[in-house]
Amino acid sequence: MWRYVLRRLLQAIPVFIGTTLLIYAMVFALPGDPIQALAGDKPIPANVLATLRDRYNLNDPLLVQYAKYMWGLLQGNLGENYDGQNVADMLGGRWTVTAQLALTAWIFELVIGIALGVWAGLRRGKVADTLVLGGTTLLIAVPVFVLGYTAQILFGLHWKIFPTAGTDDGWPMSYLLPGMVLGSLGLSYVARLTRTSLAENLRADYVRTANAKGLSRARVVGRHALRNSLIPVVTYLGVDFGNLMGGAIVTEGIFNLPGIGQQVFQSIQLKEGPVVVGAVTVLVLIFLLVNLVVDLLYGLLDPRIRYE
């Protein structure tokens, strides 16, 4: 297994370089001068402008800028924004907020999504199955900002079940409602994947053999059918955790959560490229790590899978 892990880590290096280079190029290809943006409509003296552009390597070719950024990254330095603030310090306190929000949404997807999928898969073609398919279709069709504002008004203002905004109530209370909104789309896909995979495995030969041996229904479903059915679900959940970390901009904006998504949105508006690149670089690392963990989990779910 360790050889497999090492090989996957080596394979992740070119993926990481290619992804970060593409992000770096896209961010710094944005129109406008980021140094001039600091002063707004006020003019900047030519010598000050030249000094700042030289300090932040803006006069260098793109590949040279990227190489200097990667060299700093290898030393644990995410760089500085154009105000001279350390990017790692700017993002430090915000990672906790985004991680707690993503974790809440992910647990919501995992628990409720699999439960609904199993409920529908065991009752394929019946009322429960129709309800799950109809409800998940509705969640997929409704945009997240519509769902977010609706949930905020109903559950926060009218019924006062959850806090409406901010993090004053801590985790998990402040994160339950935004977490459910953020995880609603993923929940729909998890429920559908579980339902389809379980219904298919229940018709497999090994399940018929287990039933013929007289095993209980709970053992057949839980020990055999469900375990194999979770392989595509685990794949999706692993990929989606990275998506939740990076896709919380709208949700954090609706619920006024001071997380990474909010910081990235503000930095794009202010043309603070180093902050955007620094945040996305860490998200790429998290995404690659989660995918490695998902691959290792395959062997636990299905002993037939070997790390070759």
Side-chain angles (χ1 to χ4, degrees), residues 9-99 102 242-253 257-292:
L9 289 175
L10 292 175
Q11 291 172 349
I13 293 176
V15 175
F16 175 74
I17 294 175
T19 305
T20 52
L21 177 58
L22 178 62
I23 294 168
Y24 197 93
M26 292 174 64
V27 169
F28 285 88
L30 293 174
D33 189 330
I35 303 299
Q36 183 63 54
L38 291 174
D41 297 330
K42 298 179 181 179
I44 299 179
N47 60 331
V48 175
L49 184 62
T51 300
L52 290 175
R53 290 186 63 83
D54 182 65
R55 175 181 174 180
Y56 294 108
N57 306 312
L58 295 177
N59 294 321
D60 295 331
L62 174 64
L63 291 179
V64 175
Q65 293 185 47
Y66 177 73
K68 291 181 178 179
Y69 172 74
M70 289 300 293
W71 176 248
L73 186 63
L74 290 174
Q75 301 175 63
N77 182 16
L78 290 176
E80 298 179 346
N81 74 342
Y82 299 125
D83 286 330
Q85 296 176 286
N86 188 281
V87 172
D89 292 339
M90 293 178 63
L91 299 177
R94 292 178 176 267
W95 282 113
T96 303
V97 175
T98 297
N243 294 335
L244 292 172
M245 289 287 292
I249 294 178
V250 175
T251 306
E252 288 181 358
L257 299 176
I260 292 297
Q262 187 185 81
Q263 179 66 66
V264 169
F265 180 71
Q266 293 172 354
S267 298
I268 291 173
Q269 290 182 311
L270 298 174
K271 296 184 174 62
E272 291 184 338
V275 180
V276 178
V277 173
V280 176
T281 297
V282 178
L283 290 174
V284 170
L285 287 172
I286 294 173
F287 190 85
L288 294 173
L289 179 61
V290 169
N291 273 271
L292 174 61

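All figures in this text were calculated on a predicted structure; none of them were measured in a lab.
Residues passing the side chain to side chain contact (heavy atoms under 4.5 Å, CB included) test with N59, sequence neighbours excluded: R53, D54. Qualifying side chain to side chain contact (heavy atoms under 4.5 Å, CB included) partners for Q65, counting only residues two or more places apart in sequence or in other chains: Y24, F28, N57, L58, D60.
Going from atom CH2 of W71 over to atom NZ of K68 covers 13.5 Å, rounded to the nearest 0.5 Å.
Remark: side-chain polar atoms of E272 are not paired, donor with acceptor, to backbone N or O of N81 under 3.5 angstrom. Judged by distance alone, with hydrogens and angles left aside, the side-chain atoms of T98 form a donor-acceptor pair with the main-chain N or O of I260 at under 3.5 Å.
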When you look at L288 and V284, which way does the side-chain contact (heavy atoms from CB on, under 4.5 Å) test go after all the steps? CA-CA 6 Å; L288 294 173; V284 170; 4.1 Å; yes
For a side-chain contact (heavy atoms from CB on, under 4.5 Å) check, start with the C-alpha distance between M245 and W95, then their side-chain angles and the critical distance, and finish with the verdict. CA-CA 9 Å; M245 289 287 292; W95 282 113; 3.8 Å; yes
Would N77 and N86 count as a side-chain contact (heavy atoms from CB on, under 4.5 Å) here? Give the steps. CA-CA 9 Å; N77 182 16; N86 188 281; 4.1 Å; yes
Might you work through the side-chain contact (heavy atoms from CB on, under 4.5 Å) test for N243 and F287, ending with a clear yes or no? CA-CA 8 Å; N243 294 335; F287 190 85; 4.2 Å; yes
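Shown are V280, L78, L91; of these, the side chain to side chain contact (heavy atoms under 4.5 Å, CB included) with V275 is made only by L91.
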Could you give the side-chain donor-acceptor pairs of residues 15-22 under 3.5 Å, partners two or more places apart or in another chain?
from: T19; atom 1: OG1; to: V15; atom 2: O; distance (Å): 2.7
from: T20; atom 1: OG1; to: F16; atom 2: O; distance (Å): 2.7
from: T20; atom 1: OG1; to: I17; atom 2: O; distance (Å): 3.1
from: T20; atom 1: OG1; to: Y66; atom 2: OH; distance (Å): 2.7

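Residues V264 and A279 share a closest heavy-atom pair of CG2-CB, 3.7 Å. Taking both residues in full, the closest heavy atoms of N47 and T51 are given as O-OG1, 2.8 Å, listed atom of the first, atom of the second, then distance.
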